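Because the structure is a prediction, the values reported are computed rather than measured. Numbering of residues begins at 1 and proceeds along the displayed sequence.
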Amino acid sequence: MRVGRFRTLGPSVLLIVLSALGAAGAAWPILGIGEISGIELLVISLCVGYLTRTAVQVAAWPSRPIGWWEAVGVGVWVSLLFCVLALAAGHGNPSRVGIWMGAILYAVGFVLHPVAEAQRHRWRSHPAHQGRLFTGGAFRYCRHPNYLADILLFTGLAVVTDTWWAGSVPVVMTALFVVTHIPRLERHLHRKYGAVFEDYARGTARLLPYVY
């Protein structure tokens, strides 16, 4: 195994481990109280599903190298989200329509993220595309479909819980993406690709296709 690969793999594994601990921490109080409601079980299962998908993606194709501090920050952040959503699940009373709406949003986000990353990874694996900016697939409709996918997924989880304070999860997540993560990433893309990225950005929505 190459050293560069280890430097990518190590922080990624740490991120998964911290997220898993968060999922376990979210589930432990609920499972230990006694009778568990169907909504609590559903939310915990969906959180574990998100964690499993992330672990599979990290193993299959890391989208980019991440550092140790980023791994700690993201891992703790995801753990906190799991805990908030799991606790919220015990206080809501969602309707069947709400559960289905939340499940659909979750499913769209669950699928969109790996599809977008797979499209980019397959394109970049071609030698002729090395060092070029990928603008096809899901990236044709917005510049950050992976962020959009996470917003949809966690919005779906919040809808399933049917509590207003769980709604703060996708709201805060969206705000962090728009104010911090997207500007920082786009500065990097601008430095790396220059006019190519500028042309792409002018013709492609930032986060929500055809809207923003």
Walk me through whether Leu189 and Tyr200 qualify under side chain to side chain contact (heavy atoms under 4.5 Å, CB included).
CA-CA 11 Å; Leu189 293 173; Tyr200 170 59; over 6 Å; no
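- The salt bridge (charged side-chain N to carboxylate O under 4.0 Å, His left out) check on Glu186 picks up Arg143, Arg206, with sequence neighbours excluded.
- Residues forming a side chain to side chain contact (heavy atoms under 4.5 Å, CB included) with Val111 (at least two apart in sequence, or on another chain): Val115.
- The aromatic rings of His129 and Trp123 lie parallel to each other, with less than 30° between the two planes, well short of the 60° mark.
- Annotation: Phe154 is in aromatic contact with Tyr50 [ring centroid separation under 6.0 Å].
- Taken from CG in Leu51 to CG in Leu46, the straight-line distance is 12.5 Å, to the nearest 0.5 Å.
- The CD1 atom of Ile39 sits 14.0 Å away from atom NE2 of His91, with the distance rounded to the nearest 0.5 Å.
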Given Val172 and Trp77, is the side chain to side chain contact (heavy atoms under 4.5 Å, CB included) satisfied, shown in steps?
CA-CA 11 Å; Val172 172; Trp77 167 247; 3.7 Å; yes
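- Listed by first then second residue, pairs satisfying salt bridge (charged side-chain N to carboxylate O under 4.0 Å, His left out) with a partner in residues 145-159 read Arg53-Asp150, not counting sequence neighbours.
- At a threshold of 4.5 Å between non-hydrogen side-chain atoms, the residues Asn146 and His144 count as touching.
- Every pair tested for salt bridge (charged side-chain N to carboxylate O under 4.0 Å, His left out) that includes a residue from residues 77-105 fails, sequence neighbours excluded, so the list is empty.
- Under the rule for a salt bridge (charged side-chain N to carboxylate O under 4.0 Å, His left out), Arg191 has no partner lying at least two apart in sequence or in another chain.
- Separation of atoms CD1 (Ile151) and CG (Leu208) is listed at 9.0 Å; rounding is to 0.5 Å.
- Listed by first and then second residue, the salt bridge (charged side-chain N to carboxylate O under 4.0 Å, His left out) pairs involving residues 98-114 amount to none (not counting sequence neighbours).
- Closest approach of Ala89 and Val43 over heavy atoms only: CB-CG2, 3.8 Å.
- Sorted by first then second residue, the ring pair (Phe, Tyr, Trp, His ring centres under 6.0 Å) pairs that include residues 174-199, not counting sequence neighbours, are Tyr147-Phe177, Phe177-His181.
- Ala138 is linked by a side chain to side chain contact (heavy atoms under 4.5 Å, CB included) to Leu112, Ala116, Gln119, Pro145, counting only residues two or more places apart in sequence or in another chain.
- Counting only distance, with no hydrogens or angles, the side chain of His113 and the backbone of Ala149 share no donor-acceptor pair below 3.5 Å.
- Remark: Val179 engages no residue in a side chain to side chain contact (heavy atoms under 4.5 Å, CB included) (not counting sequence neighbours).
- Residue Leu176 holds its CG atom at 10.5 Å from CD1 of Ile182, rounded to the nearest 0.5 Å.
- Grouped by direct or indirect side-chain proximity (heavy atoms under 4.5 Å, Ile/Leu/Val/Met/Phe/Trp/Tyr only), Tyr210 sits with Tyr141.
- Once rounded to the nearest 0.5 Å, the distance linking CZ of Arg122 with CZ of Arg124 reads 13.5 Å.
- How far CD1 of Ile104 is from CD1 of Ile99: 12.0 Å, rounded to the nearest 0.5 Å.
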Per-pair distances, 0.1 Å, donor-acceptor, side chain in residues 156-166, under 3.5 Å, sequence neighbours excluded:
from   : atom 1 : to     : atom 2 : distance (Å)
Thr161 : OG1    : Ala158 : O      : 2.7
Thr161 : OG1    : Thr163 : OG1    : 3.3
Asp162 : OD2    : Asn93  : N      : 3.3

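- Thr155 approaches Pro170 most closely through the heavy-atom pair OG1-CB, 3.2 Å.
- Connection of Val211 to Val171 is not established within any shared hydrophobic cluster, with ILVMFWY side chains joined at heavy-atom distances below 4.5 Å, either directly or through further cluster members.
- Smallest separation of non-hydrogen atoms from Gly137 and Phe134: N-CZ, 3.9 Å.
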